[in-house]
There are 2 protein chains.
Amino acid sequence: MFQGEHKNTMDGKGRVNIPASFRETLRTRYADEQVIVTRDYDGCLRAYPPKEWERSVLSSVRQRDINDEFRRSYERFVISPAITCVPDKQGRILLPATLREYAELDKTVLFAGGASHFEIWDIARRDTRIKEDLTILKKGPPSP
Amino acid sequence: MFQGEHKNTMDGKGRVNIPASFRETLRTRYADEQVIVTRDYDGCLRAYPPKEWERSVLSSVRQRDINDEFRRSYERFVISPAITCVPDKQGRILLPATLREYAELDKTVLFAGGASHFEIWDIARRDTRIKEDLTILKKGPPSP
DNA sequence: GCGCAAAGTGGGTAAATGTGGGGAATTATC
DNA sequence: GATAATTCCCCACATTTACCCACTTTGCGC
């Protein structure tokens, strides 16, 4: 389980440290170090352990018809920019320029745990997003 | 597996470097260097390792009747402009003028990984396309 | 507080990757 | 057949990445 929010700083080379607790989860629960990072359509990046990537992303998209509009968009937007990141000796990953630009990451980035994945945010973006979420939540869930 | 998005620049002669990770995939997974490049009907180019070209393009089209309208269009549009590209010593391929013009490639081009092929895009075209994809994705998947 | 270990940050250097261009060989054009 | 254009095959250089080491900061024990 990836949980909690952690701020780490990205250096000039585009390297960021994965929070130790997330690395711990990767080791113990997935017997793996690497993660698959891609963009999320809320403006952040998402990282999955390879098993989860296969289980919750690839396999679900494959159930759709190959010419399905949603599937094609999803593949272009989510699948194709995905890259496998292997942490270096210090536990850092190098985020490729294209993903960094998309998520507007600069110095301080925020790692946010999800159940079986985690997100990587630019702080400012996350803040505005959280505010939006708050108003959505206060309205309450849709009736049905 | 071809994965990730990579920006490379095409020089005045029409040469572009294939991203190193794609070349790596070609070597290790296909024991080959060359790729077959053709047009895709989303406005970009598509490159296949020869084996995949045979497996996922040629063989599937051959299953259609030779007088089938779709097959005839497909052959004219996709099969016939295809050319085999062999990387030079630096790992670059020379894209023929006709394909370059079709995809409106000029300076900076984007290589986007697919499962068993990759695409070559003009950045601006890809961006507008991605924006469309984003609105499709935010609407959520169709009810199945 | 003090000390230790773990976590996080920064930078140097060699290798790998990407870019540009010259000139010979080949092909096209008239 | 001569000339122009294109392609191929080198070499040289710039940029980026991988790998290593060292330092600072944080958390936690006594």
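As a basis for the values below, the full set of heavy atoms in this structure was taken, side chains included, without hydrogen atoms, waters or symmetry mates. In the text below, chain A, chain B and the rest are named by the order of the sequence lines, each starting its count at 1.
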For the side chain of [X] and the backbone of [Y], is there at least one donor-acceptor N/O pair under 3.5 Å apart?
{"X": "A:S59", "Y": "A:S56", "result": "no"}
{"X": "A:R71", "Y": "A:R64", "result": "yes"}
{"X": "B:T128", "Y": "B:R125", "result": "yes"}
{"X": "B:D11", "Y": "B:G14", "result": "yes"}
{"X": "B:D40", "Y": "B:C44", "result": "no"}
{"X": "A:T135", "Y": "A:E132", "result": "yes"}

In this structure, how many angstroms lie between the C1' atom of C:dA7 and the CG atom of A:L26, rounded?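 Answer to the nearest Å: 16 Å.
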
Heavy-atom count around B:Q90 CD within 6.0 Å, excluding the residue itself: above 12?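 More than 12 within 6.0 Å, yes.
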
Report the residues that fulfil salt bridge (charged side-chain N to carboxylate O under 4.0 Å, His left out) with A:D106, sequence neighbours left out, ordered by chain and then residue number.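 Applying salt bridge (charged side-chain N to carboxylate O under 4.0 Å, His left out) to A:D106 gives none.
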
Under the salt bridge (charged side-chain N to carboxylate O under 4.0 Å, His left out) rule, collect the residues that match up with A:E69, sequence neighbours excluded.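 None.
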
In one Ile/Leu/Val/Met/Phe/Trp/Tyr side-chain cluster, 4.5 Å: A:I36, A:L26: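 Yes.
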
At a heavy-atom distance below 4.0 Å, which nucleotide of DNA chain D is the first touched by chain A, and which is the last?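 Both ends considered, the range comes out as D:dT17 to D:dC21.
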
Between CZ of B:F118 and CD1 of B:I18, what distance do you get to the nearest 0.5 Å?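 B:F118 CZ to B:I18 CD1: 4.5 Å, rounded to 0.5 Å.
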
Can you give one letter per nucleotide of nucleotides 14-27 of chain C, 5' to 3': B if a protein heavy atom sits under 4.0 Å from the base, S if only from the sugar-phosphate, - if neither? ---SBBBBBB----

With the threshold set at under 4.0 Å for non-hydrogen atoms, list the residues of residues 119-127 of chain B touching DNA chain D in residue-number order.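 Hits under 4.0 Å, by residue number: none.
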
We want to know whether B:N17 and B:R23 form a side-chain donor-acceptor pair, criterion being a heavy-atom distance below 3.5 angstrom.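 Result is yes, a qualifying pair exists.
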
Kindly calculate the angle separating the two end axes of the helix from C:dG1-D:dC30 to C:dC30-D:dG1, each obtained from five base pairs, and round it to 10 degrees.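 The value is 30°.
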
